[in-house]
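Every chain is numbered from 1, with letters handed out A, B, ... down the list of sequences.
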There are 2 protein chains.
Amino acid sequence: MSKTETRLSGAGKDPDFAEIFAALGDPTRLAIFDRLSDGQARSIAVLSDDADMTRQAVTKHLHVLETAGLVESHKVGRESRYVFCPDRLALARAWLEHVAGRWDFALMRLKSFAEDDSR
Amino acid sequence: MSKTETRLSGAGKDPDFAEIFAALGDPTRLAIFDRLSDGQARSIAVLSDDADMTRQAVTKHLHVLETAGLVESHKVGRESRYVFCPDRLALARAWLEHVAGRWDFALMRLKSFAEDDSR
DNA sequence: TGATTGAGCAACCAAAAAGTTGCATTTAAT
DNA sequence: ATTAAATGCAACTTTTTGGTTGCTCAATCA
């Protein structure tokens, strides 16, 4: 396989789509993920500012996002910064595209069948 | 607004993306949804055949998918058939594209800044 | 008619998730 | 040296979730 590991087999576990969607399936996490999508790294304290819950709760959400591979963290000084991570997101997108594509194909076949029928 | 209600405001609640992703965030539901993406309507009994759980459990999963707007059900005879529903899926896709697009934009800006810097 | 099949409903159960509090630890600022 | 800020960790509580069993009801089929 090429050096740029398109398939995530190199990441250890096979792409667990359900885990990715589950990580996005919470309003708080979705908001955090959306906020991080501008590429800026942010500390837990900053990310906890506008959330109406404890810093520890936000920390847990960040852990969920991180184990799902949607964000990454690195410590700088005394604070740990979280950054957007696009790889798994691309996987999720690909899966949705695949499903939507299958639906479109089915619809197309149905349509051509109907035309066939009316001929 | 046009007759073909592109925005889901007509569906009552505003598009709850977290709910959509949460519905997809379970392997069983993901498998069911994937299976239904061929456009074929299937009864609960049929969908329960290859699942290693009770029919009632599958029913619950179908309810979750339905309240998220990912599938629709209609009764025919004594059985209720579930069909794929592409609208919310399109919403989810759009959201992911939006986030990915923002990331790409940020990356691009960062790159041009770096080029600027080395000049 | 009588048996069977597909499904709905309610109660119940165990495990996971979401969130909290309290305390310890490390890093930075004064 | 002290203090304050940012976080990590563990225990605990409350909801939610995923799943089960038992019973009932409606629609077929023999």
Side-chain angles (χ1 to χ4, degrees), chain A residues 13 16-36 40-85 88 92, chain B residues 13 16-36 40-85 88 92:
Chain A
K13 54 186 177 183
D16 190 345
F17 297 107
E19 189 186 25
I20 302 176
F21 289 128
L24 296 175
D26 176 278
T28 303
R29 288 196 292 268
L30 208 56
I32 291 175
F33 188 62
D34 184 40
R35 196 169 167 198
L36 288 178
Q40 282 253 327
R42 289 177 178 83
S43 70
I44 298 180
V46 168
L47 288 171
S48 303
D49 276 345
D50 61 340
D52 54 347
M53 69 187 68
T54 324
R55 175 182 54 81
Q56 281 83 348
V58 173
T59 300
K60 282 195 183 179
H61 283 301
L62 286 170
H63 283 339
V64 173
L65 285 172
E66 188 170 27
T67 59
L70 291 169
V71 302
E72 282 178 353
S73 72
H74 60 277
K75 300 206 64 168
V76 44
R78 68 182 156 185
E79 62 190 15
S80 61
R81 303 238 177 98
Y82 282 80
V83 287
F84 189 85
C85 186
R88 296 299 176 95
Chain B
K13 54 187 175 181
D16 189 346
F17 296 108
E19 188 185 27
I20 301 177
F21 289 128
L24 295 175
D26 176 278
T28 303
R29 288 196 291 267
L30 208 56
I32 292 175
F33 188 62
D34 185 40
R35 194 170 169 199
L36 288 178
Q40 283 253 326
R42 291 176 177 84
S43 70
I44 297 180
V46 167
L47 288 171
S48 303
D49 276 344
D50 62 339
D52 54 346
M53 69 187 71
T54 325
R55 175 180 55 79
Q56 282 82 348
V58 174
T59 301
K60 282 195 181 180
H61 283 301
L62 287 170
H63 283 339
V64 172
L65 285 172
E66 188 170 27
T67 59
L70 291 168
V71 303
E72 281 177 355
S73 73
H74 59 277
K75 300 205 64 168
V76 45
R78 69 180 155 187
E79 62 189 17
S80 60
R81 303 240 177 97
Y82 282 80
V83 288
F84 188 86
C85 187
R88 295 300 174 98

- Is H63(A) near enough to dG8(D) that one of its side-chain N or O atoms lies under 4.0 angstrom from OP1 or OP2?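 So the side chain of H63(A) is outside the cut-off, no N or O lying under 4.0 Å from OP1 or OP2 of dG8(D).
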- Would one find a side-chain N or O of T59(A) under 4.0 angstrom from OP1 or OP2 of dT7(D)?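 Answer no for this pair, as no side-chain N or O of T59(A) is under 4.0 Å from OP1 or OP2.
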Measure from [atom1] on [X] to [atom2] on [N] and round the result to the nearest Å.
{"X": "R55(A)", "N": "dA6(D)", "atom1": "CZ", "atom2": "C1'", "value": "7 Å"}
{"X": "M53(B)", "N": "dT17(D)", "atom1": "CE", "atom2": "P", "value": "16 Å"}
{"X": "L62(A)", "N": "dT7(D)", "atom1": "CG", "atom2": "P", "value": "10 Å"}
{"X": "K60(B)", "N": "dT16(D)", "atom1": "NZ", "atom2": "C1'", "value": "11 Å"}
{"X": "E66(A)", "N": "dT7(D)", "atom1": "CD", "atom2": "C1'", "value": "14 Å"}
{"X": "R42(A)", "N": "dA6(D)", "atom1": "CZ", "atom2": "C1'", "value": "17 Å"}

Over all atoms of both residues, closest heavy-atom pair of [X] and [Y]:
{"X": "A41(A)", "Y": "R81(A)", "answer": "CB-CB, 4.0 Å"}
{"X": "H61(A)", "Y": "D26(A)", "answer": "CE1-OD1, 3.6 Å"}
{"X": "S73(B)", "Y": "E66(B)", "answer": "OG-OE2, 2.8 Å"}
{"X": "I20(B)", "Y": "A92(B)", "answer": "CG2-CB, 3.9 Å"}
{"X": "C85(A)", "Y": "E72(A)", "answer": "SG-OE2, 3.8 Å"}

- Message: Measuring only between side-chain heavy atoms, which start at C-beta, is L36(B) closer than 4.5 Å to L47(B)?
- Response: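 With C-beta onward as the side chain, the pair touches.
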[X] side-chain N/O to [Y] backbone N/O, donor-acceptor pair under 3.5 Å:
{"X": "S43(A)", "Y": "V46(A)", "value": "yes"}
{"X": "R35(B)", "Y": "R42(B)", "value": "no"}
{"X": "R29(B)", "Y": "A23(B)", "value": "yes"}

- Message: Quick check on Q56(B): does its CD atom have over 12 non-hydrogen neighbours (other residues, nucleotides or ligands) under 6.0 Å away?
- Response: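 Yes - once you tally the heavy atoms of other residues, nucleotides and ligands closer than 6.0 Å, there are more than 12.
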- From dT7(D), dG18(D), dT20(D), nucleotide with atom closest to A57(B) side chain: dT20(D)
- Message: Using a distance-only criterion (donor-acceptor N/O pair, under 3.5 Å, no hydrogens), is the base of dA27(D) paired with the side chain of R78(B)?
- Response: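 Answer yes: a donor N or O sits under 3.5 Å from an acceptor.
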- Give me the bend of the helix from dT1(C)-dA30(D) to dT30(C)-dA1(D), using the axes of the five pairs at each end, rounded to 10°.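 End-to-end axis angle: 20°.
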- Taken in chain and number order and not counting sequence neighbours, the residues that satisfy side chain to side chain contact (heavy atoms under 4.5 Å, CB included) with R78(A) are none
- Query: Looking across every strand, which nucleic acid part, if any, lies under 4.0 Å from T54(B) by heavy atom: base, sugar-phosphate, or nothing?
  - Reply: base
- side-chain contact (heavy atoms from CB on, under 4.5 Å) between L24(B) and L24(A): does it pass, once the steps are laid out? CA-CA 10 Å; L24(B) 295 175; L24(A) 296 175; over 6 Å; no
- Pair listing, ring pair (Phe, Tyr, Trp, His ring centres under 6.0 Å) test, anchored in residues 66-85 of chain B, at least two apart: W103(A)-F84(B), F33(B)-F84(B)
- What parts of residues 43-52 of chain A reach DNA chain C, counting only heavy atoms under 4.0 Å away?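 Hits under 4.0 Å, by residue number: none.
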- Task: Take I44(A) and E79(A) through the side-chain contact (heavy atoms from CB on, under 4.5 Å) test and state the conclusion after the steps.
- Result: CA-CA 8 Å; I44(A) 298 180; E79(A) 62 190 15; over 6 Å; no
- Message: Between V76(A) and G25(A), which residue's closest nucleotide on DNA chain C lies nearer the 5′ terminus?
- Response: G25(A)
- Message: What range of DNA chain C does chain A touch, first nucleotide to last, counting atoms under 4.0 Å from its heavy atoms?
- Response: dA18(C) to dA28(C)
- Query: Near DNA chain D, under 4.0 Å by heavy atom, which residues of residues 26-36 of chain B?
  - Reply: D26(B), R29(B)
